[in-house]
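The structure appears below as structure tokens.
A, B, ... follow the sequence lines: proteins, then strands. Residue 1 opens every chain.
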Number of protein chains: 2
Amino acid sequence: MRQTIQSLVDELKSHLHEYQITTNETILEHHSKDESYHAWNAPDLVVFPESAEDVSHIIKIADAHQIAVTPFGLGSSLEGHAIPYNKGISIDFSAMNKVIEVRENDFLVKVQPGVTRSQLDKELKKYGLFFSVDPGADATLGGMAATNASGTTSVKYGVMRDQVQDLEVVMADGEIIRTGNLARKSVSGYDLTSLIVGSEGTIGCITELTLQLYGIPEHITAGRAAFPTVDHAVNAVVAILQAGVPIARVELVDEASVRQVNRFSETDYEEKATLFLEFHGNEPGLQHDVLFTKEIVADYQCEDIQFEKDNASRNKLWDARHNLAYAYIHGNPERKLMVTDVCVPITELGGAIKHAREKINELNLVSGILGHVGDGNYHALLMINTSDPEEVQKAEHFNKEIVTYALSCGGTCTGEHGVGLGKMKYQEREHGNALTVMKAIKSALDPKGIMNPNKLVDN
Amino acid sequence: MRQTIQSLVDELKSHLHEYQITTNETILEHHSKDESYHAWNAPDLVVFPESAEDVSHIIKIADAHQIAVTPFGLGSSLEGHAIPYNKGISIDFSAMNKVIEVRENDFLVKVQPGVTRSQLDKELKKYGLFFSVDPGADATLGGMAATNASGTTSVKYGVMRDQVQDLEVVMADGEIIRTGNLARKSVSGYDLTSLIVGSEGTIGCITELTLQLYGIPEHITAGRAAFPTVDHAVNAVVAILQAGVPIARVELVDEASVRQVNRFSETDYEEKATLFLEFHGNEPGLQHDVLFTKEIVADYQCEDIQFEKDNASRNKLWDARHNLAYAYIHGNPERKLMVTDVCVPITELGGAIKHAREKINELNLVSGILGHVGDGNYHALLMINTSDPEEVQKAEHFNKEIVTYALSCGGTCTGEHGVGLGKMKYQEREHGNALTVMKAIKSALDPKGIMNPNKLVDN
């Protein structure tokens, strides 16, 4: 195998610089894992392309020798997407990290896939524009598109797929294609953009993205509303949505999780089931929305509603929310994080969370619940001792139980973290014979099965 | 052939009732055309399924004998989608016209594909909900999904694809699949929903749709703003969008088209380049938006801005806009309508429309220009004498010229009317080698090429 790897390196060098290819053990290890609980596995080598042509060259060689190719952004996946279980080549996009063009008046930005969310945010501020998808982690935009990331703002602005206008993609045969164009609407041809977004690197590697932007809202108001129970909080959200209040974020944090927040972020939020809320709009419209929301939450026994007075406390609120996973990890250093990710119709959310909490207690697991309740998507953050097989089994059992519950009420096994490795076992159950169609597409576009194999669908 | 058709009818009868199958000449003729200028062609027979199982049965027979299948909604296509050029079976969905379930609190509705937009609107009113996509024509929802319809409201609410939550589809082998679920977000598997939406019946037949709904806005205000030139109007729209005003509709109607409106709809709108505008929201927010918009349009030499005082005048305004195509047809009884449909980045729209108007004058064509300017999508409504080959050629030449212009500035040959028959000739130019990928998908999912052949892609 060593010989094979060396000859592979030599072949790659026909187009790439030596510094773009490595078999360094530390770097291989870095590309063997992500932020999930899934087992690590190192690639044979890591390459650092600097252009679509580099990626095309790499994939043509991989295609010729039928070698697995696994794209790597920043390794912030929670479902093992970037772990190269078939070894082969890990393509690290960190050297393709340029913001290519801001088309300010078209509300578009063209970026390379290795650009991170925070890097883009910084670049856009000078234009009075922002990019709406915020999954919490400072992921790369290529990774966010590959996994169709979302997060706290999707209730108003939509998910990653809604923001991707055009992609440059290197396909499994090394061909470079464009999936879209720069017009806001198009019905020309099949929607390859939506197919590639969320395909988790199993069809092609994204080498350039054109993304939609929004003007920074005239006004933003954020606040916290504490409720006697999770159920009251969830029902209040359903009522807010029904009233047509165009809420920009609405996050549920359960009592256990507020406690973690207070410990980790040095806040003194009331330790009750809480909604973190945010409104975007013009000032008079927003005041009206806030007043209306206050009336609604009062009907659901809201015990306290506080709006942040300034930007600093607003940022603190969202930092605390985003750091919640880290708060759990920090508070349980001997354990690993397993995050569930089902999404259900909004009216089913109260029941689903109640069921999950009952199971957590029944199985005596360490877990908080939080959720993007405006979308019906919630997470149980399980802190598990991965060296205890019984505990791992309990956690897997719990995950299966809540997936079964979600599917039985019209939901999905994964709202935003993706299939990757962890949710493959639920694909047949969720999709039935539509899975055959997905496999036919995978086989047609990646006949040799080299693109991120053993993820999402098997072909 | 008559023998073959008779044996086909007999085979269909093994599952369908006799009244569901017809070879009646008048009915065949009705299914030989749509609202486009494309040549008519009658199917061999028309079937009227009443369930997904019926459709599955029909397609299995078509598959066995390699007979073309063309879905038919209401025939309101503008690009020949429903015309069965390979003859075979026209599947008319008019008997599948039930609103199956309104999930009021989940903002979802489940419908059969033959339900029309106006039928759905009527049904939803009692829930205080509305369906956002309004292409003007009272099309079927199945047809709107198959062609990814949009129209005047997409600047705020998005296109058809954005509203489709789940589909039941009969594939080319007769298998019935579901493409989605009832949760607002899902990253489970490939996005088959987005692939089927806009695939124009070339992959499968839609037999059920679950669609997203919105609460009827607290307040709606509509108005008209007249400008000295089209260019001033377009630039005003760019400025409104840049200011982040969440406008719900913004339609450009050029001077020639306002004249047609006044004649046909008995209005007395000022005959100048005009924007028809609409705002949705709460009252204080909306007042703020309207004031802000008035300030912006003043900067672009708006000569008159009028807001409608009541629902009746607002409805009249939008009826006038929607009836514009009919106004042209009515005003030119000896001619047929050819509508162009390019879409460009918003900043390119002024130049694109100016170019189109110059070409219209140069070629001495009869045409008005109107457009969904918030999306960069405009239409030239050409009234052509299809019995005059020279005029047809001039119109085709004009269409090609503006497509070339649109593609050269990052746009698309079709923003909302679809590829159908009319835009196939531009697919290779627009998509380059991405067309190979589209063809690979078509071949994988419809290997015998029976699903609406000779449309969108050839395989």
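- The contact between A:N377 and chain B is made entirely by side chain atoms (from C-beta outward), counting heavy-atom distances below 4.5 Å.
- Although no hydrogens or angles enter the test, the distance criterion places no donor-acceptor pair under 3.5 Å between the side chain of B:N282 and the main chain of B:H219.
- For chain B, the nearby part of A:V159 is the side chain; its heavy atoms alone come within less than 4.5 Å.
- Contact of A:H417 with chain B is made through the backbone alone, with heavy-atom distances under 4.5 Å.
- Annotation: residues 423-432 of chain B contacts chain A through B:Q427, B:E430, B:H431 [non-hydrogen atoms, separation under 4.5 Å].
- The backbone N or O of A:A183 lies less than 3.5 Å from a partner atom in the side chain of A:N181, making a donor-acceptor pair.
- Ranked by heavy-atom pairs under 4.5 Å with chain A, the list B:M160, B:R184, B:H288 is led by B:H288.
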Stepwise, does the side chain to side chain contact (heavy atoms under 4.5 Å, CB included) test hold for A:H379 with A:H372?
CA-CA 8 Å; A:H379 308 302; A:H372 313 302; 3.5 Å; yes
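- Counted by atom type alone, A:K185 and B:S150 present one or more donor-acceptor pairs between their side chains at under 3.5 Å.
- Not one N or O on the side chain of A:S443 forms a donor-acceptor pair closer than 3.5 Å with the backbone of A:P447.
- Interface remark: of the candidates A:I346, A:N105, A:V419, A:N105 forms the most heavy-atom pairs closer than 4.5 Å to chain B.
- Looking at B:Y190 and A:T202, their side chains do bring a donor and an acceptor atom within 3.5 Å of each other.
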Given side chain to side chain contact (heavy atoms under 4.5 Å, CB included), test A:E175 with A:S56 step by step and report yes or no.
CA-CA 7 Å; A:E175 284 292 305; A:S56 170; over 6 Å; no
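- Of the two parts of A:I176, only the backbone, made up of N, CA, C and O, holds a non-hydrogen atom closer than 4.5 Å to a non-hydrogen atom of chain B.
- With a 4.5 angstrom heavy-atom cutoff, A:S186 touches chain B via backbone and side-chain atoms both.
- Contact of A:L456 with chain B is made through the side chain alone, with heavy-atom distances under 4.5 Å.
- Only the side chain of B:E218 has a heavy atom closer than 4.5 Å to any heavy atom of chain A.
- Residues passing the salt bridge (charged side-chain N to carboxylate O under 4.0 Å, His left out) test with A:R161, sequence neighbours excluded: B:D191.
- For the options B:N433, B:V155, B:L349, heavy-atom pairs under 4.5 Å to chain A are most numerous at B:N433.
- Of the inter-residue distances, the one linking B:L241 atom CG with B:T347 atom OG1 reads 11.5 Å to the nearest 0.5 angstrom.
- Proximity to chain A at a heavy-atom threshold of 4.5 Å picks out B:G410, B:G411, B:T412, B:C413, B:T414, B:G415, B:E416 from residues 409-416 of chain B, in numerical order.
- Listed options B:A149, B:G189, B:A440, B:S199 were ranked by heavy-atom pairs under 4.5 angstrom with chain A; first place goes to B:G189.
- Minimum heavy-atom separation, B:A172 to B:L445: CB-O, 3.4 Å.
- Closest approach of A:A352 to A:V344, counting heavy atoms only: CB-CG2, 4.2 Å.
- Counting heavy-atom pairs under 4.5 Å between each of B:P246, B:G285, B:A406, B:A243 and chain A puts B:G285 at the top.
- Interface summary for chain A: among B:T179, B:L286, B:T436, B:I203, the most heavy-atom pairs under 4.5 angstrom belong to B:I203.
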Dump the intermediate steps for side chain to side chain contact (heavy atoms under 4.5 Å, CB included) on A:L108 and A:L182, then the final yes or no.
CA-CA 8 Å; A:L108 293 174; A:L182 303 183; 4.1 Å; yes
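- Panel note: side chain A:K110, backbone A:T210; no donor-acceptor pair is recorded below 3.5 Å.
- Between the side chains of B:Q212 and B:Q165, at least one donor N or O lies within less than 3.5 Å of an accepting N or O.
- Comparing B:N148, B:V187, B:I177, B:V197 by how many heavy-atom pairs each has under 4.5 Å with chain A, the most go to B:V187.
- Per-residue counts of heavy-atom pairs under 4.5 Å with chain B were compared for A:P217, A:A444, A:C343, A:G281; the largest is that of A:C343.
- Here the side chain of B:D166 pairs a donor or acceptor atom with the backbone of B:G180 at under 3.5 angstrom.
- Interface summary for chain B: among A:G215, A:G418, A:G244, the most heavy-atom pairs under 4.5 angstrom belong to A:G418.
- Atom CD of A:E200 sits about 3.0 Å away from atom NE2 of A:H81, to the nearest 0.5 Å.
- Among all heavy-atom pairs drawn from A:V133 and A:T153, the shortest one is CA-OG1, 4.1 Å.
- Residue B:D289 touches chain A through both its backbone and its side chain, counting heavy-atom pairs closer than 4.5 Å.
- Residues satisfying the ring pair (Phe, Tyr, Trp, His ring centres under 6.0 Å) criterion with A:Y157, sequence neighbours excluded, are A:F130, A:Y214, A:H280.
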